[in-house]
Structure formats: C-alpha cells, structure tokens
Enquirer: 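Dumping the structure here so I can ask a few things about it.
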Amino acid sequence: MPGKQCEICGNSAVLRRPKTGLVLCKECFYSAFETEIHETITNNKLFKRGDTIAIGASGGKDSTVLAHVLKLLNEKFDYGVQLFLLSIDEGITGYRDDSLETVKRNQQQYELPLKIVSYEELYGWTMDAIVRTIGLKNNCTFCGVFRRQALDRGATQLKVDKIATGHNADDIAETVLMNVLRGDIARLGRCTSITTGTEGAIPRCKPFKYTYEKEIVMYAYFKKLDYFSTECIYSPNAYRGHARTFLKDLEAIRPSTILDIIYSGEKMAIDKDTKMPTQGTCVQCGYICSQTLCKACVLLEGLNRGLPKLAIGRANKAKNKIVHEPWRNLKEGSSDETQAGSSGNQCGSCQCQSSNQTPAPTAEVTPTLEQKIEF
C-alpha cells in the first residue's frame with residue numbers, strides 16, 4: 001500500500017486487515033494474527049501442559065498455517081504440548097497425492113512427526129473408485145463421512161489427547177448457513193463449538209475459529225509458507241460451495257458478517273421439546289453414532305453391495321431392510337452371518353477381521369481394527 005503508514009508503528013504499510021480494517025505493516029500484522037490465535041487458545045483452554053495434539057494436515061493453506069503457528073506459539077509461550085501431523089489420503093489422483101508431497105515437506109520444515117492414513121487401507125475404497133461408481137453427485141457425502149472417521153482412527157493410533165483442525169471463521173459461518181438451510185438442528189447446536197467430541201470421542205478443537213480465511217492467505221503469502229493451493233477436483237458441485245459464494249457476497253458488503261453469523265449460531269436456542277439424537281455406538285465397528293450403524297458402515301455397505309446411493313437421502317423401509325437387517329441379526333446372533341462373522345469375515349466399515357462379540361460402548365477403536373491399521 002504505497003504511501004500509507006502502519007496504524008500501529010508508523011512504518012510503511014503493506015495491507016489492510018479484512019477483519020478489522022486496520023492498515024498494517026507485515027510485522028504488526030504477524031503480531032496481531034499470532035496474538036489473536038494465542039488468545040483464542042488460552043481463553044478457551046484448548047490445550048493443557050502435557051497434551052499430545054494431532055494437527056489435521058492436508059497441505060492446504062489452513063493446515064499449513066496452523067502447523068506453523070502452533071509450533072511457533074508452543075515454543076514462544078511454552079504450552080508444553082507435543083505436536084504431530086496427521087494426514088488422510090482419500091485416494092484422489094492429481095490432487096491428494098500432490099498435496100501429500102507438500103505435507104511431507106512441511107514435516108521436514110517444522111520437524112514434526114507425520115502419520116498418513118488412507119481410505120484404501122481403512123475402507124478398501126479410494127475416492128477415485130467411489131466417484132467412478134457413483135458419479136460426481138453426492139461424492140462429498142462419502143468423503144466427508146469417511147474423512148471424519150479416518151481422522152479419529154488415525155488419532156487413536158497416535159494415542160493423542162486432541163485433534164486440532166484448520167477450520168477458520170469462514171468455514172464455521174458457512175456451516176451455520178448450511179445447517180439453517182437444511183434444518184439440521186442437531187448439527188446447528190454444535191457447529192459453532194470451539195471444541196467438539198468431548199462426550200466420548202477424541203476431542204477436536206478449532207484454534208482458527210475467529211480467524212478470517214483472507215488473513216490466513218495473507219499470512220501464508222507474506223511468510224512465504226509452503227502450501228498446496230489447488231481445490232479438490234471433485235468438489236465443484238458441493239453444497240458448501242453455494243453457501244461460500246453467498247457468504248463472500250455478504251462479506252463484500254459488510255466485513256463483520258462472518259463473525260456476526262458465528263455469534264448468531266452461538267446464541268441460537270433449541271426448543272426444549274426438540275428431539276435430539278441419542279449418542280451410542282455402531283454395532284458393527286464400535287464408532288460413536290446415533291443410529292444402529294454409523295454412517296460410514298451404511299455408506300460402505302452400499303458400495304460393497306453395488307447400491308452406492310443406499311444411504312443418500314431420506315431413510316426408507318428398503319434401506320433399513322437391506323442394510324440394517326443383517327447387522328440386527330448379527331447383534332442378536334440369529335443368522336448365518338453371525339457364524340460367518342465369528343469365523344473371520346470382514347466387517348462393514350474397514351478391512352479388519354470381525355469378532356463375534358458386539359463392540360462395547362466405547363469411543364475408542366475396537367482392538368481388531370487397531371491390529372489391522374499399521375503405520
């Protein structure tokens with residue numbers, strides 16, 4: 001910004017902060033950016049000394065800046081936490097294979113341990129194979145469900161205390177809009193939480209909850225961080241894209257819109273008479289869910305049976321009969337599949353060897369799955 005001075009120190013300014021409108025030099029921007037994230041971490045008690053934290057690393061701008069800033073703040077303010085990089089390989093040729101190369105470079109640059117878990121290893125499918133089967137419509141449903149569970153599986157293997165994700169303020173505001181538009185009360189009630197999963201699974205936290213996406217891009221640019229900037233080749237038709245476009249239009253008119261939507265989401269009250277899902281565990285894989293089977297098992301069963309759209313859309317009797325009946329029989333011990341399960345057949349959501357025992361209601365991965373996933 002030629003001719004303009006930093007509003008904090010008086011030096012030559014290089015940018016105007018999208019979040020506050022302040023005109024700043026690089027050093028003052030770095031300081032403000034890092035300080036706000038530090039305050040978010042400390043005010044919300046995201047970490048405690050001795051914690052092990054898995055950073056969800058995709059190679060993109062958000063996770064790269066998150067890894068850089070968490071390492072810097074951990075050393076500067078002596079958080080006393082141990083950091084890991086955890087990446088998920090969805091199996092998307094020309095996208096994820098390239099971004100994982102960036103993650104591997106980040107591992108060397110930040111000197112952090114790295115673990116990579118693949119869909120093919122966990123589920124026996126890659127996203128390339130899934131898209132060939134179902135097409136480009138609804139593929140993000142499969143990827144989102146599988147990815148969330150894969151992060152938990154990988155974090156369990158690392159035996160970490162928390163997962164830190166790069167979800168920024170824009171992402172959270174988009175999610176609020178999407179849940180309002182879909183009438184998803186259950187997700188609307190928790191999507192603005194800075195920490196989720198405290199009820200049983202490995203907790204996930206969002207240090208970037210109040211950080212604008214544009215400022216993350218600016219920080220990565222001026223710091224010359226090494227990140228992968230290509231969008232997923234399968235995401236152009238994603239529903240989130242429409243919410244993002246709408247949000248950007250609103251932000252152009254009123255920059256505070258992003259934080260305003262987050263604040264509104266935080267303050268929304270759910271009627272006490274609203275029936276909310278009851279948390280339980282999947283009878284097939286032991287993963288936390290609110291149904292008999294978790295979404296990953298239902299989706300995977302549909303793929304394996306040649307009925308990939310089985311779990312897409314509203315529930316129906318045919319779906320329940322085709323998907324749930326075998327596992328109901330398995331749970332009750334009243335079908336041939338009970339004997340098949342006890343003899344070592346594969347289960348529904350991974351390539352592990354099934355047991356003839358119903359998984360105990362625990363948030364941790366079943367021992368048989370842990371035996372299968374090797375790093």
Enquirer: Could you check whether any side-chain N or O of Asp161 sits under 3.5 Å from a backbone N or O of Thr52, counting only pairs where one atom can act as donor and the other as acceptor?
Expert: yes
Enquirer: If we ignore angles and hydrogens, is there a donor and acceptor under 3.5 Å between the side chains of Asp128 and Tyr234?
Expert: yes
Enquirer: Give the ring-plane orientation class for Tyr79 versus His38, where under 30° counts as parallel, over 60° as perpendicular and anything between as tilted.
Expert: parallel
Enquirer: If you count the non-hydrogen atoms of other residues, nucleotides and ligands that lie under 6.0 Å from CZ in Phe77, is the total more than 12?
Expert: yes
Enquirer: Hey, what do you get for CD1 (Ile37) to CG (Leu70), rounding to the nearest 0.5 Å?
Expert: 8.0 Å
Enquirer: Quick check on Arg182: does its CZ atom have over 12 non-hydrogen neighbours (other residues, nucleotides or ligands) under 6.0 Å away?
Expert: yes
Enquirer: Hey, what do you get for OG1 (Thr141) to CG (Leu299), rounding to the nearest 0.5 Å?
Expert: 7.5 Å
Enquirer: Side chain to side chain contact (heavy atoms under 4.5 Å, CB included), that's the test. Do Arg16 and Val23 meet it? Break it down for me.
Expert: CA-CA 4 Å; Arg16 181 186 297 277; Val23 175; 3.6 Å; yes
Enquirer: Are any side-chain N or O atoms of Asp97 and backbone N or O atoms of Tyr95, one a donor and one an acceptor, separated by less than 3.5 Å?
Expert: yes
Enquirer: Whether Arg49 and Asp78 form a salt bridge (side-chain N of Lys/Arg under 4.0 Å from carboxylate O of Asp/Glu) is what I want to check.
Expert: yes
Enquirer: Any Lys/Arg nitrogen of Arg105 or Glu101 sitting under 4.0 Å from an Asp/Glu carboxylate oxygen of the other?
Expert: no
Enquirer: Any side-chain donor paired with an acceptor under 3.5 Å for Asn106 and Gln109?
Expert: yes
Enquirer: Check the pair Arg240, Thr175 against side chain to side chain contact (heavy atoms under 4.5 Å, CB included), reporting the backbone distance first and the verdict last.
Expert: CA-CA 8 Å; Arg240 178 175 290 273; Thr175 304; 3.0 Å; yes
Enquirer: To the closest 0.5 Å, what do you measure between OG1 (Thr165) and CZ (Arg148)?
Expert: 12.0 Å
Enquirer: Hey, what do you get for NZ (Lys248) to OG1 (Thr257), rounding to the nearest 0.5 Å?
Expert: 11.0 Å
Enquirer: With a 3.5 Å distance limit and no angle check, can you tell me whether Asn179 reaches the backbone of Cys191 through a side-chain donor-acceptor pair?
Expert: no
Enquirer: Given Leu151 and Arg204, is the side chain to side chain contact (heavy atoms under 4.5 Å, CB included) satisfied, shown in steps?
Expert: CA-CA 10 Å; Leu151 271 174; Arg204 299 186 184 196; 3.6 Å; yes
Enquirer: Would you give the length of the straight line joining atom OG1 of Thr196 to atom CD1 of Ile202, rounded to the nearest 0.5 angstrom?
Expert: 12.0 Å
Enquirer: Checking the side chain of Tyr227 only, and the main-chain atoms of Tyr221 only, is there a donor and an acceptor separated by less than 3.5 Å?
Expert: no
Enquirer: Roughly how far apart are Ile55 CD1 and Leu86 CG, rounded to 0.5 Å?
Expert: 10.0 Å
Enquirer: Under the 6.0 Å and 45° cation-pi test, does Lys223 pair with Tyr30?
Expert: yes
Enquirer: Indicate whether the side chain of Glu34 and that of Tyr219 have a donor and an acceptor atom separated by less than 3.5 Å.
Expert: yes
Enquirer: May I ask you to say whether Asp260 pairs ionically with Arg254, meaning some side-chain N is under 4.0 Å from a carboxylate O?
Expert: yes
Enquirer: Would you call Lys209-Glu266 a salt bridge at under 4.0 Å N-O?
Expert: yes
Enquirer: Could you walk me through whether Asn168 and Tyr212 pass the side chain to side chain contact (heavy atoms under 4.5 Å, CB included) check?
Expert: CA-CA 6 Å; Asn168 57 52; Tyr212 277 31; over 6 Å; no
Enquirer: Is it the case that the side chains of Arg96 and Ser58 hold a donor-acceptor pair, with the cut-off being a distance below 3.5 Å and no angle test?
Expert: no
Enquirer: Look at Arg17 together with Glu7 and state whether they make a salt bridge at an N to O cut-off of under 4.0 Å.
Expert: no
Enquirer: Counting only N and O atoms by type, is there a donor-acceptor contact under 3.5 Å from the side chain of Tyr210 to the main-chain atoms of Thr40?
Expert: no
